[in-house]
Enquirer: 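Before anything else, here's the structure in question.
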Amino acid sequence: MNEILVTRTSMPEYDEYIELIKSLWESHWVTNMGNFHNELEMKLKNYLGVPELSLMVNGHMALEMGIQALELPYGGEVITTPFTFVSTTHAIVRNGLIPVFCDIKTDDYTIDETKIESLITDKTVAIVAVHVYGNVCNVDKIQEIANRHNLKVIYDAAHAFGVKYKNVGIGNYGDISIFSFHATKVYNTIEGGAVTFNSDKIYDKLYNLKNFGIRNEELIVDVGANAKMNEFAAAMGLCNLKYVDKNIQLRKKLVKHYIERLCNIKGLVLLDYHNDDIEHNYAYFPILLQDNEMRNMLYEKLKCEKIYSRKYFYPLTSDIDCYKNKVSMCELKNARYVSDRILVLPLYPDLGESQVDRICQSISRILSN
Ligand SMILES: *Cc1c(COP(=O)(O)O)cnc(C)c1O
């Protein structure tokens with residue numbers, strides 16, 4: 001039996017990419033806001049339906065610099081979710097801010113907005129929420145809370161490329177949103193990312209942060225770092241952008257196929273896609289098992305059959321050594337419940353329906369034994 005990995009990088013036709021990057025051998029302009037970089041910034045702004053966008057070298061630096069661009073007071077508290085990739089929490093801490101972990105909801109695994117206000121103190125400066133698996137946070141309620149308490153809102157939309165809420169691109173909510181274009185994401189530039197926002201002041205600030213603060217040969221205006229996207233990555237992004245809609249449709253078909261085959265298995269909880277306000281991107285296919293033992297057993301047994309799933313996200317970021325017992329949090333009952341039981345199954349556009357059949361048959365057999 002062939003192995004089935006949890007994800008597989010989407011790539012354009014080889015010739016298409018090679019044809020596009022030929023011009024780089026003529027210009028020798030391979031980075032520093034070249035033509036491909038600028039064209040991709042424009043095209044992504046259009047695709048995501050956002051007023052402003054700044055490309056970055058990766059999603060993590062997009063988040064770090066996005067937070068930095070908001071100029072929050074050092075040592076301020078940031079209410080956030082522990083059910084995410086470590087990048088989210090690291091980006092808060094690396095900005096000199098203090099994460100305060102809030103519980104999540106058990107239906108879509110996003111931050112539980114009803115528990116945010118009880119965590120607000122006079123030190124709270126922002127909320128960093130995650131559209132986890134492309135599921136949309138309760139953006140309306142979160143904005144209401146932020147307005148009431150004068151907080152900034154940052155969305156980690158690393159999973160949510162192409163997602164729309166009430167027909168509006170997901171990058172329009174909050175003060176800033178960030179996207180990841182890592183090889184494993186729905187849309188990739190090999191490595192890459194972007195910050196979206198609605199003020200040209202933030203565009204200039206981010207430009208400085210990602211380019212050493214250099215405006216011209218003799219003018220350096222800020223203490224910037226280096227987080228520019230290079231031309232090879234941007235060219236990959238231009239090619240991949242042509243296929244992203246088709247790829248999302250393929251993902252959607254596979255998710256439907258999964259659901260039809262798994263919905264009647266006892267003890268399995270699947271995501272509910274019935275929300276007319278949300279246009280999904282089908283980034284991941286998470287399933288929830290009855291208990292931790294069952295999850296771990298299924299993970300191991302699938303692995304023996306060369307089917308590689310992922311405990312995504314386990315552990316919670318609040319439980320990893322650098323944060324455990326060092327930061328405050330409310331009771332994370334739901335986050336622990338989900339993190340102990342979650343398993344993400346293989347999903348990528350060129351996964352075959354017959355491979356989904358094989359995965360589902362294995363799950364069915366393993367769970368009935
Ligand atoms: C992938 C990811 C990131 C980081 O993006 P990179 O492009 O890998 O740096 C941040 N947050 C979440 C939720 C992610 O899944």
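Order of listing sets the numbers, starting from 1, for every ligand and every atom in it. Computation of the quantities below employed the complete heavy-atom set of this structure, encompassing side-chain atoms and omitting hydrogens, waters and symmetry-equivalent molecules.
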Enquirer: Which residue holds the protein heavy atom closest to atom 3 (C) of ligand 1, what is that atom called, and what is the gap in Å?
Expert: Phe85 CD2, 3.7 Å

Enquirer: Provide, to 0.1 Å, the distance between atom 10 (C) of ligand 1 and the closest protein heavy atom, together with that atom's residue and name.
Expert: Ser87 OG, 3.3 Å

Enquirer: Heavy-atom contacts with Ala158 under 4.0 Å: which atoms of ligand 1 show up? List them by number with element.
Expert: 2 (C), 3 (C), 10 (C), 11 (N), 12 (C), 13 (C), 14 (C), 15 (O)

Enquirer: Between the side chains of Asn226 and Lys228, does any donor sit under 3.5 Å from an acceptor?
Expert: yes

Enquirer: Can Leu63 be said to touch ligand 1, with heavy atoms closer than 4.0 Å?
Expert: no

Enquirer: For ligand 1, which atoms, with element, lie under 4.0 Å from some heavy atom of Thr84?
Expert: 13 (C)

Enquirer: Do the side chains of Arg365 and Glu305 get close enough for a salt bridge, i.e. N-O under 4.0 angstrom?
Expert: yes

Enquirer: Would you say Ser180 has any N or O atom under 3.5 Å from an N or O of ligand 1, going by distance alone?
Expert: yes

Enquirer: Check Lys185 against ligand 1 and report side chain, backbone, both or neither, counting heavy atoms closer than 4.0 Å.
Expert: side chain

Enquirer: Could you tell me whether Tyr109 and Phe313 have their ring centroids closer than 6.0 angstrom?
Expert: no

Enquirer: Pick one of side chain, backbone, both or neither for how Tyr312 approaches ligand 1, counting any non-hydrogen atom pair under 4.0 Å.
Expert: side chain

Enquirer: Does Gly59 reach ligand 1 with a nitrogen or oxygen that is under 3.5 Å from one of the ligand's nitrogen or oxygen atoms?
Expert: yes

Enquirer: So if I apply the side-chain hydrogen bond (donor to acceptor under 3.5 Å, both in side chains) rule between Thr317 and each of Thr89, Thr88, Thr81, Thr84, which one comes out positive?
Expert: Thr89

Enquirer: Heavy-atom contacts with Asn58 under 4.0 Å: which atoms of ligand 1 show up? List them by number with element.
Expert: 7 (O), 9 (O)

Enquirer: Please find the pair of heavy atoms, one from Pro349 and one from Arg251, that lie closest to each other, and give the distance.
Expert: CD-NH2, 3.9 Å

Enquirer: Hey, do the aromatic rings of Tyr323 and His90 have their centres closer than 6.0 Å?
Expert: yes

Enquirer: Would you say Arg341 and Asn292 are linked by a side-chain donor-acceptor pair, where the criterion is simply a distance under 3.5 Å?
Expert: no

Enquirer: When you look at Tyr284 and Tyr312, which way does the ring-ring contact (aromatic ring centres under 6.0 Å, His included) test go after all the steps?
Expert: CA-CA 10 Å; Tyr284 298 90; Tyr312 197 60; 5.5 Å; yes

Enquirer: Ignoring hydrogens and geometry beyond distance, is a side-chain donor-acceptor pair present between Tyr243 and Glu16 at under 3.5 Å?
Expert: yes

Enquirer: Counting only nitrogen or oxygen atoms and a 3.5 angstrom limit, does Tyr284 reach ligand 1?
Expert: no

Enquirer: Taking Tyr282 as the fixed residue, which of Tyr348, Tyr258, Tyr273 is the one that meets the ring pair (Phe, Tyr, Trp, His ring centres under 6.0 Å) rule?
Expert: Tyr273

Enquirer: So if I count the atoms of ligand 1 from 1 in the order they appear, which ones are less than 4.0 Å from some heavy atom of His60?
Expert: 4 (C), 5 (O), 6 (P), 9 (O)

Enquirer: Counting only nitrogen or oxygen atoms and a 3.5 angstrom limit, does Asp156 reach ligand 1?
Expert: yes

Enquirer: Please state whether Gly192 comes within less than 4.0 angstrom of ligand 1, counting heavy atoms only.
Expert: yes

Enquirer: Find all atoms of ligand 1 within a distance of less than 4.0 Å from any non-hydrogen atom belonging to His182, and give their numbers and elements.
Expert: 7 (O), 8 (O)

Enquirer: Heavy atom under 4.0 Å from ligand 1: found in His159's side chain, backbone, both, or neither?
Expert: side chain

